[in-house]
Structure formats: C-alpha cells, structure tokens
*Asks:* 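One structure coming up, written as structure tokens, with questions to follow.
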2 protein chains.
Amino acid sequence: MKPRGGHISDSCRPISEILSRIGDKWTSLIITRLTEGPLRFNELKRQVHGISQKVLTATLRGLERDGFIERRVEPTVPPAVEYSLTPFGRELAEPLMALTRFALVNSQRMEAARQAYDERNGTPFTEASKPRRPMRLGMN
Amino acid sequence: MKPRGGHISDSCRPISEILSRIGDKWTSLIITRLTEGPLRFNELKRQVHGISQKVLTATLRGLERDGFIERRVEPTVPPAVEYSLTPFGRELAEPLMALTRFALVNSQRMEAARQAYDERNGTPFTEASKPRRPMRLGMN
DNA sequence: CTGAATCCTTAGGGATACTG
DNA sequence: CAGTATCCCTAAGGATTCAG
C-alpha cells in the first residue's frame with residue numbers, strides 16, 4: 001500500500017482476473033488432469049466429464065495464451081495435438097491443488113453447513129423461490 | 001467405465017463447486033478483506049471497490065450459507081451488521097490467499113505471456129473479433 | 001482427430017428505486 | 001444502515017453442424 005488509501009483496486013485486478021480464470025468451472029479440472037502428464041485433446045475431453053468440445057477448446061486456448069499450458073501439434077494425419085503444463089503452469093498448479101484439496105476434504109462440511117443454514121432460514125434464498133426446475137441439463 | 005477408472009466426476013463435483021464459489025469475481029476479495037478483521041456491510045462495500053450492493057448481499061449470503069462467514073446483527077437503530085470469518089472460513093482463506101499471492105506475484109508474467117501469444121497469433125481469439133466495445137461498464 | 005462456426009439458453013451481475 | 005425488489009444485458013457455456 002502507498003502513502004494513504006492503499007489503492008486496493010490495483011491489487012485486486014490481477015486477483016479477480018486469475019480467480020475468474022481458474023474459477024470457470026472447467027479450468028481447474030483441466031489443470032488437475034494435466035498435472036499427471038500431457039494429454040491429447042480427446043483424452044482430455046474424456047477425462048473431464050461433461051465438458052463440450054467448444055468449451056474445452058476455448059479454455060485450452062485461454063490457458064495457452066496465459067502461458068500455463070503448451071500445445072504441441074504432431075503433423076500426422078489425422079493430426080495429434082498434445083497439451084501439457086508449462087513450468088509456469090506447474091507453478092500455478094501448486095496453490096491451485098491446495099485449494100482443490102481443501103474442496104475435496106471439506107465438501108461434506110460445506111454441505112452440512114448449507115443444510116444447517118437452510119434449516120434455520122428458508123431453504124434457498126429468496127424464500128419465494130418457485131418450484132422451478134425446467135432447466136436444460138447439459139448432456140454431451 | 002466400471003471398477004476401473006476412479007470415479008473422476010465424483011471427486012470433481014466439489015472441486016468445481018468450490019472453485020465457482022471463490023472464482024466468482026468478488027468472493028476472494030471479500031474473504032481477503034475479512035481476513036484482516038470483521039467488517040460491517042458498508043465498510044465492506046467501500047473496500048471492495050466496484051461491487052454493487054445487491055451482489056455484495058448475495059455473495060455474503062452464499063458465504064454464510066456455506067459456513068465461511070458469520071453475520072452478527074447489532075439490534076440498534078439503525079441496525080449494525082458485522083461480518084466475520086468463521087474458523088472454517090479462515091481455513092479456506094489459507095489456500096485461497098496462496099492463490100491470491102500467486103496472482104499478485106505473477107500478474108505481469110501472465111500479461112507478458114498474453115502479449116507474446118497475441119503477437120504470434122492474431123490478437124484476441126476469433127480474429128474476427130469486431131471492433132466491439134459498446135458494453136455498459138459498471139459504475140456504481 | 002481436432003477443431004471452427006452457429007445458434008440458443010441461462011446465470012451472473014449491474015442500475016435503480018424503495019423500505020424498516 | 002442494511003438490505004429487497006425489479007429490470008435489463010452480457011458473457012459463459014451447451015448442442016449441433018461442418019471441415020482440414
């Protein structure tokens with residue numbers, strides 16, 4: 001922080017940025033898979049259950065752009081593309097895996113907290129939450 | 001597949017879940033502020049620059065529900081509400097802060113990687129990215 | 001096999017106004 | 001002060017189709 005005030009938003013930007021990056025529902029799972037070794041596109045797609053090809057592609061592009069993964073194209077036919085973590089990506093993986101571990105270890109604790117909360121107060125939030133549930137669930 | 005395979009999706013659910021929770025652009029910033037002590041609603045709103053009051057409320061509710069923060073109402077008039085991390089929240093804060101630190105330390109490295117990438121390939125992604133930018137930017 | 005392009009739906013978030 | 005309640009819009013993500 002500086003003289004006075006602290007310019008919090010300055011230091012916040014990169015935080016929000018990277019947290020959005022890894023918080024996007026798929027990135028962490030992809031990184032996790034890749035920590036165990038390089039994978040080809042469809043291997044990755046199979047291991048990350050439920051991700052669509054479009055989103056996988058987009059996510060991989062983003063990670064490549066940020067320098068976390070490397071994309072190697074084997075010029076065969078049909079082409080074989082291999083994705084792997086860069087050293088930078090492995091650095092990211094470390095704190096990320098720590099968080100991931102936390103999630104795994106404490107998932108039931110969170111669930112319990114939620115149920116307790118929902119018991120004290122009305123279940124979901126607004127209380128006026130309709131019996132909704134039409135929602136298209138993504139099978140692919 | 002069956003016996004073999006490891007049930008990846010089972011272990012993935014809590015990961016995606018918590019990562020979405022903390023990856024939602026504001027949560028990490030809120031937790032970060034709260035690691036330094038309890039704060040009242042508007043103090044928090046002021047410290048987390050740019051967050052709207054609606055989103056702050058919703059985020060705090062979610063964190064309370066998951067057991068990460070506690071909400072204490074001082075029955076004065078006007079009411080004073082204080083938010084603080086629970087022990088569970090402090091546990092979460094640890095790996096979260098590690099990631100946060102990573103983001104801070106490496107933000108320029110990411111930026112550099114991005115510029116390098118954009119130089120090799122066309123700037124943003126689709127190449128056909130319109131000169132867009134009308135987008136309402138949120139001032140509050 | 002590895003994507004790119006399109007279309008469509010939904011959830012997240014922002015602005016604003018109002019209340020105990 | 002600390003929220004609720006609306007309205008609205010965009011970006012993320014899914015389904016599907018096409019191609020090198």
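Naming: A, B, ... by sequence-line order, numbering from 1 per chain. Computed from a prediction, not measured in an experiment: that's the story for all the values here.
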*Asks:* In whole angstroms, how far is the C1' atom of dC1(C) from the NZ atom of Lys45(A)?
*Replies:* 12 Å
*Asks:* In sequence, state the C-alpha distance, the side-chain angles, and the governing distance for Phe88(B) and Phe102(A), and then conclude on ring-ring contact (aromatic ring centres under 6.0 Å, His included).
*Replies:* CA-CA 11 Å; Phe88(B) 191 28; Phe102(A) 178 92; 5.8 Å; yes
*Asks:* With a cut-off of 6.0 Å (strictly less than), are more than 12 heavy atoms of other residues, nucleotides or ligands near CD of Glu43(B)?
*Replies:* yes
*Asks:* Tabulate atom names and distances for all N/O pairs under 3.5 angstrom spanning the protein and nucleotides 17-20 of chain D.
*Replies:*
none

*Asks:* Is it the case that over 12 heavy atoms from other parts of the model lie below 6.0 angstrom from the CD atom of Glu111(B)?
*Replies:*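 For Glu111(B), atom CD is crowded (more than 12 foreign heavy atoms under 6.0 Å).
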*Asks:* Take atom CZ of Arg72(A) and atom P of dG3(C), then tell me their distance rounded to the nearest Å.
*Replies:*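 Rounding to the nearest Å, CZ of Arg72(A) and P of dG3(C) are 13 Å apart.
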*Asks:* Where along residues 18-29 of chain B does a heavy atom come under 4.0 Å from DNA chain D, residue by residue in number order?
*Replies:* none
*Asks:* Would you mind telling me which residue lines up with the more 5' stretch of DNA chain D, Tyr83(B) or Lys54(B), judged by nearest nucleotide?
*Replies:*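 Closest to the 5' end, via its nearest nucleotide, is Tyr83(B).
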*Asks:* Are any side-chain N or O atoms of Thr86(A) and backbone N or O atoms of Glu70(A), one a donor and one an acceptor, separated by less than 3.5 Å?
*Replies:*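 Absent.
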*Asks:* Roughly how many Å is it from CD in Glu43(A) to C1' in dT2(C), rounded to a whole number?
*Replies:* 13 Å
*Asks:* Assess whether a salt bridge exists between Arg109(A) and Glu91(B), defined as any Lys/Arg side-chain N lying under 4.0 Å from an Asp/Glu carboxylate O.
*Replies:* yes
*Asks:* Would you mind reading off the distance between Leu56(A) atom CG and dT2(C) atom P, rounded to a whole angstrom?
*Replies:* 10 Å
*Asks:* Between dT4(D), dG3(C), dT2(C), spot the one nearest the side chain of Arg61(A), thanks.
*Replies:* dG3(C)
*Asks:* Choosing from dG13(D), dG3(D), dA4(C), which nucleotide comes nearest the side chain of Val55(A)?
*Replies:* dG13(D)
